[in-house]
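Remember, it's a predicted structure, so these values are computed and weren't measured experimentally. In each ligand, atom 1 is the first atom listed, and ligand 1 is the first ligand listed.
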Amino acid sequence: MQESSLQGLINIAIDGPAGAGKSTVARRVAELLRYVYIDTGAMYRAVTLSALRAGIEPDHSERVSRMAASLDIRLLPSENGQKVLLNGEDVTEQIRSREVNLHVSQVAAVEQVRTQLVGLQRVLAGRKGVVMDGRDIGTHVLPDAELKVFLTASVRTRAERRYKETGQADRIDLEQLEREIAERDQKDREREISPLICADDAVVIDSTSMTIGQVVSQIVELSRTKKVEAK
Ligand code: DC
C-alpha cells in the first residue's frame with residue numbers, strides 16, 4: 001500500500017470558469033485539510049507574462065513553447081496564499097495584470113505549453129494531499145483525483161467578484177469586465193486541447209448565491225466522505 005493512502009490523503013481537483021471563486025476556495029480547503037494548494041492558472045499566467053515581456057506574440061505557438069521550455073516556474077506557499085516565482089523573480093502580482101488577463105487564453109491554447117505544465121502539475125500531485133485548481137484538472141491532469149468539483153457562478157457574479165479584486169490602476173467598468181470574462185470563458189471552452197468541461201464524475205457547485213464559507217464547508221465535507229471511501 002502506498003504511504004499516501006496509509007495517511008488517508010486524497011487529491012482534490014477544482015475546475016471551473018474564471019471568477020467562480022476557485023482559488024479562494026481551493027486555498028481555504030487546502031488550509032483546513034493541511035493540504036498543498038496548487039493554482040495551475042498561475043502557471044499559464046507566468047508563461048504569458050514572460051512572453052509579453054519578451055515581445056513574443058502570445059499566439060505564436062512555436063516561439064511561446066520554445067520560451068516556456070526554458071522557464072523555471074515555482075509555486076511557494078505564502079501568508080497570502082501562494083507566491084509565484086518566475087526564474088527566481090516574484091511575479092505574484094504582475095501575473096494578475098489586465099494585459100496578462102487579455103492574453104493568457106491564447107498561451108493556454110498552445111499544446112506544447114500545456115504538455116509541459118501538465119507534466120509539472122502531475123509531479124506536484126504525485127504524493128497526494130493536493131488541492132489543485134484549473135480548467136482541466138479533473139478531466140485531464142488528475143483524472144484519478146478522488147474528489148472532483150466543478151465550481152461555477154453566473155457571469156455577472158463572476159465579473160463583480162473580479163471587479164472587487166482588481167487594483168485601481170487596472171480597473172475597467174463592470175460591463176466591459178463582464179464581456180471580457182464571457183470571451184475568455186468561450187475561448188477556454190472552445191479550444192481544441194483540454195477545453196474547460198465538467199468531468200462526468202465531478203460534483204457541480206453553483207456558487208452564485210453561496211458564501212465562500214458555504215462552498216468551502218461543502219467541499220471539506222465531501223473530502224471526508226471520499227477519504228473514507230479511498231481507505
Ligand atoms: O484561473 P485563472 O483565471 O488564473 O486562469 C488563467 C487562464 O489559464 C485561463 O484563461 C484559463 C487557463 N487555464 C487553463 O487553460 N488550464 C488550467 N488548468 C488553468 C488555467
Side-chain angles (χ1 to χ4, degrees), residues 11-27 37-52 58-59 61 64-65 68 71 73 75 80-84 86 91-125 130-143 145 148-153 155 157-159 161-166 170 177-199 202 207:
N11 279 337
I12 302 176
I14 303 185
D15 290 300
K22 297 184 301 293
S23 26
T24 311
V25 164
R27 196 166 60 226
Y37 165 53
I38 299 166
D39 173 359
T40 62
M43 296 179 173
Y44 291 97
R45 287 172 177 275
V47 176
T48 307
L49 177 69
S50 191
L52 292 170
D59 59 352
S61 47
V64 171
S65 45
L71 298 178
I73 299 170
L75 305 180
N80 309 324
Q82 187 184 252
K83 200 189 264 188
V84 184
L86 176 61
V91 294
T92 314
E93 282 185 18
Q94 288 95 314
I95 61 166
R96 307 281 159 200
S97 71
R98 178 150 183 259
E99 202 55 19
V100 171
N101 283 347
L102 289 175
H103 294 101
V104 63
S105 290
Q106 289 168 298
V107 170
V110 176
E111 188 171 8
Q112 293 90 333
V113 171
R114 299 203 72 84
T115 309
Q116 190 196 324
L117 295 185
V118 167
L120 185 58
Q121 291 154 13
R122 285 184 179 148
V123 169
L124 294 173
V130 153
V131 183
M132 191 177 280
D133 82 347
R135 303 293 189 286
D136 59 340
I137 311 304
T139 51
H140 181 62
V141 182
L142 305 177
K148 299 179 188 177
V149 173
F150 192 84
L151 186 60
T152 186
V155 178
T157 303
R158 292 189 282 122
R161 289 177 186 165
R162 278 282 147 102
Y163 184 78
K164 286 184 197 146
E165 271 171 26
T166 317
D170 260 344
L177 192 57
E178 199 174 334
R179 277 194 297 277
E180 287 180 7
I181 285 190
E183 226 171 83
R184 191 137 68 91
D185 283 355
Q186 195 182 355
K187 281 191 197 147
D188 291 340
R189 285 202 169 98
E190 291 178 355
R191 70 166 175 244
E192 267 174 50
I193 319 145
S194 303
L196 168 67
I197 39 167
C198 178
S207 71

With sequence neighbours left out, write down each residue that passes side chain to side chain contact (heavy atoms under 4.5 Å, CB included) with E180, or none if nothing qualifies.
R98, L102, I172, Q176

Residues in contact with ligand 1, criterion: heavy atom under 4.0 Å
T40, G41, Y44, R45, R96, V104, S105, A108, R114, G134, R135, D136, I137, R162, R184, D188, R191

Within the structure provided, determine whether D39 and R27 are in side-chain contact (heavy-atom separation under 4.5 Å).
no

Side chain to side chain donor-acceptor pair (under 3.5 Å): pairs with one or both residues in residues 41-51, sequence neighbours excluded
Y44-R114, R45-N101

How long is the span from the CZ atom in R162 to the CD1 atom in I181, to the nearest 0.5 Å?
6.0 Å

A quick test of your reading: do over 12 heavy atoms of other residues, nucleotides or ligands sit less than 6.0 Å from NZ of K187?
yes

Residues in side chain to side chain contact (heavy atoms under 4.5 Å, CB included) with E111, at least two apart?
T115, I193

